[in-house]
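Take a look at the structure set out below.
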Amino acid sequence: MSRVLVAGVDTSTQSTKVRVTDAETGEMVRFGQAKHPDGTSVNPDAWWQAFQEAAEQAGGLDDVAALAVGGQQHGMVLLDDHGRVIRDALLWNDTRSATNADVLIACLGEAEKAADGSEDDLSDDPAMRGRQRWVKAVGSSLVASLTITKVAWVAANEPENAARIAAICLPHDWLSWRIAGHGPLGEDATAEEMKANLDALFTDRSDASGTAYFDATANEYRRDLLAMALGRGEEDIAGIVLPRVLGPTETGDVADPAIAGKDVEGGCPIGPGGGDNAMASLGLSMGVGDVSISLGTSGVAAAISPVPAYDMTASVTGFADCTGHWLPLACTINGSRISDAGRAALGVDYDELAELAAAAEPGAGGITLVPHFDGERTPNRPDATAALYGMTLANTRRENIARAFVEGLLCSQRDCLELVKGLGVDVKRILLIGGGTKFAAVRALAPAILGMDIELPETDEYVAIGAARQAAWVLSGETEPPTWPVKVETTLTGEPTPQVYEQYVRWRG
């Protein structure tokens with residue numbers, strides 16, 4: 001009997017990856033990858049071209065029985081009534097809407113607290129009160145990465161484009177829609193054809209929860225907030241199409257047989273897809289109580305929680321996951337580049353930096369690096385810079401400075417972990433992933449600073465694996481996703497050194 005194949009698509013910031021996978025075992029059968037253009041503002045057609053190239057590299061998708069798409073979160077794709085892209089998509093890392101985020105926060109913060117006592121837990125400071133009202137409304141306070149701030153920027157700076165908006169979607173929504181055979185229509189399209197074309201858009205809770213105009217607890221769009229961002233009345237935007245939000249195992253559409261599933265009876269259903277962090281957690285087979293800490297350019301701590309997270313300090317984003325749970329997430333701007341700064345400062349390579357750090361005692365002789373090189377998001381200090389504290393003539397040695405850089409990197413991730421714990425998450429397991437895990441000093445010190453043993457999964461394409469796993473789940477009709485093994489390279493162990501984090505907290509303030 002021939003095996004059943006599914007495909008997981010990862011449309012990330014840098015590239016599109018297509019992983020053709022055995023639906024039963026999770027074994028990779030074929031793989032393809034194609035680059036995206038650089039920049040924070042990209043024509044979505046580049047994603048379509050990259051998908052087609054990656055699919056071709058992966059041997060085509062004619063024999064694929066189901067697929068799903070995971071993608072970079074927050075990117076704003078605007079479509080007109082014919083399904084044409086209005087302007088280049090503004091990606092998550094485009095910060096031009098930072099001022100718009102502040103304006104929207106101020107809009108919700110200007111009203112005094114409710115007299116009936118229902119808002120007694122809110123701050124007296126209008127700015128903080130605004131952030132807290134956003135948290136209560138959609139699970140997250142606003143930063144420039146979230147989609148609604150980008151919509152507000154377009155409304156304020158490109159009113160002619162804002163006036164043409166007939167639909168708003170996200171990168172994974174748009175690519176799934178194209179794979180289903182939808183796209184821009186000709187000028188002779190009828191009103192019925194145009195409506196059906198846009199109504200075919202679909203998404204999932206995880207990606208919708210990153211827009212800041214979707215309430216993942218009530219599972220409904222907050223059109224009132226979107227109207228505020230557009231500077232229009234709610235009735236005026238009633239005709240703007242927002243993608244249908246599907247449950248974890250619902251089918252969004254069936255792929256165009258010219259693209260996928262041509263040789264499969266019944267065609268190739270497309271799963272709801274999801275945001276990249278949620279798809280990675282599905283690819284890692286994370287469950288309630290698991291936390292992943294990803295060390296890349298930035299640092300991200302994400303936990304699976306059975307209940308929604310409302311962080312009234314406005315530090316943790318209360319996103320949803322791909323399984324019906326929630327994915328509270330704390331992010332630092334500064335990640336593995338901290339160790340790069342340490343290498344540059346000391347004129348050494350990674351191995352030499354690790355050797356120097358290993359030669360120092362925990363706490364680096366009293367030296368602490370607060371590593372806010374590019375400002376910081378957690379804690380929210382956009383104008384901060386990095387600093388070394390506690391230096392004396394006695395302790396200013398290369399070994400201590402090297403160790404301070406590694407400890408500062410890991411303590412900043414401990415900050416994220418503590419914020420997630422503070423929301424009631426009972427952390428049972430930590431998985432350390434991302435390019436920064438290759439650094440020997442991180443592996444050596446992480447268990448001691450994070451305070452527990454850490455699993456180090458083998459390097460793999462976990463977003464694409466998560467998308468493939470979702471596709472297999474949709475195909476199976478089961479209540480739980482298929483059980484696929486996650487290969488763990490090693491379990492990192494070490495004696496906890498709580499004094500190191502305590503020293504860091506004192507200097508970080």
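Numbers here are sequence positions counted from 1.
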Q. What's the verdict on side-chain contact (heavy atoms from CB on, under 4.5 Å) for Val442 and Leu295, showing C-alpha distance, side-chain angles and the deciding distance?
A. CA-CA 10 Å; Val442 165; Leu295 289 179; 3.8 Å; yes
For [X] and [Y], indicate whether the former's side chain and the latter's backbone hold a donor-acceptor pair under 3.5 Å.
X	Y	answer
Trp473	Glu480	yes
Thr317	Leu329	yes
Ser305	Val307	yes
Glu376	Ile333	yes
Lys17	Val9	no
Asp173	Leu170	yes
Ser206	Cys322	no
Ser176	His172	yes
Arg129	Leu122	no
Trp134	Leu104	yes

Nearest heavy-atom neighbours spanning [X] and [Y]:
X	Y	answer
Tyr504	Pro371	OH-CD, 3.5 Å
Asp253	Thr251	O-CG2, 3.3 Å
Gly318	Ser140	N-OG, 3.1 Å
Gly363	Val500	N-CG2, 3.5 Å
His325	Val288	CE1-CG2, 4.0 Å
Arg19	Ile465	NE-CG1, 3.4 Å

Quick one: does [X]'s side chain get under 4.5 Å of [Y]'s, heavy atoms only?
X	Y	value
Leu456	Ile433	no
Val151	Leu230	yes
Leu91	Ser41	no
Asp204	Leu246	no
Leu90	Thr40	no
Glu158	Trp153	yes
Leu79	Ile86	no
Tyr213	Ile168	yes

Tell me whether [X] is salt-bridged to [Y], with the criterion being a basic N under 4.0 Å from an acidic carboxylate O.
X	Y	result
Lys487	Asp460	no
Asp199	Arg244	no
Glu418	Arg414	yes
Arg131	Asp311	no
Glu489	Arg443	yes
Asp215	Arg222	no
Arg133	Glu119	yes
Asp426	Lys421	no

(Q) Please verify the inter-ring angle class for Trp177 with Trp174; under 30° counts as parallel, over 60° as perpendicular, anything in between as tilted. (A)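 The rings of Trp177 and Trp174 sit tilted, inter-plane angle from 30° to 60°.
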**Q.** Aromatic ring pairing Tyr389/Trp507, orientation class (parallel under 30°, perpendicular over 60°, tilted between)
**A.**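 Ring orientation, 0 to 90° scale: parallel.
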Working to the nearest 0.5 angstrom, can you tell me the gap between [X] [atom1] and [Y] [atom2]?
X	Y	atom1	atom2	answer
Asp121	Lys113	CG	NZ	8.0 Å
Gln14	Gln72	CD	CD	8.5 Å
Asp290	Glu455	CG	CD	8.0 Å
Asp453	Arg429	CG	CZ	12.5 Å
Gln470	Thr323	CD	OG1	10.5 Å
Leu226	Ile165	CG	CD1	8.0 Å

Does a donor on one side chain and an acceptor on the other come within less than 3.5 Å for [X] and [Y]?
X	Y	answer
Gln503	Thr368	yes
Thr332	Asn334	no
Asp116	Ser118	yes
Tyr310	Thr217	yes
Asp10	Tyr462	no
Trp92	Thr13	yes
Thr211	Thr147	no
His372	Thr385	no

Q) Yes or no on side-chain contact (heavy atoms from CB on, under 4.5 Å) for Thr203 and Phe214, after CA distance, side-chain angles and deciding distance? A) CA-CA 11 Å; Thr203 191; Phe214 178 76; over 6 Å; no
Q: For Arg469 and Ser285, run side-chain contact (heavy atoms from CB on, under 4.5 Å): C-alpha distance rounded to whole Å, both residues' side-chain angles, the deciding distance at 0.1 Å, then the answer.
A: CA-CA 9 Å; Arg469 190 172 179 227; Ser285 296; 3.6 Å; yes
**Q.** Charged tip of Arg205 within 45° of Trp326 ring normal and under 6.0 Å
**A.**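 Here Arg205 passes the 6.0 Å and 45° test against Trp326.
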(Q) If you take the centroid of each ring, where Trp contributes its six-membered ring, are His74 and Phe319 closer together than 6.0 Å? (A)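 Phe319 vs His74: aromatic centres under 6.0 Å.
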Q: Mind running side-chain contact (heavy atoms from CB on, under 4.5 Å) on Leu108 and Met228 for me, showing each step along the way?
A: CA-CA 10 Å; Leu108 286 197; Met228 181 173 68; 4.1 Å; yes
Q) Would you find more than 12 non-hydrogen atoms of other residues, nucleotides or ligands less than 6.0 Å from Gln499 atom CD? A)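 Correct, the count exceeds 12.
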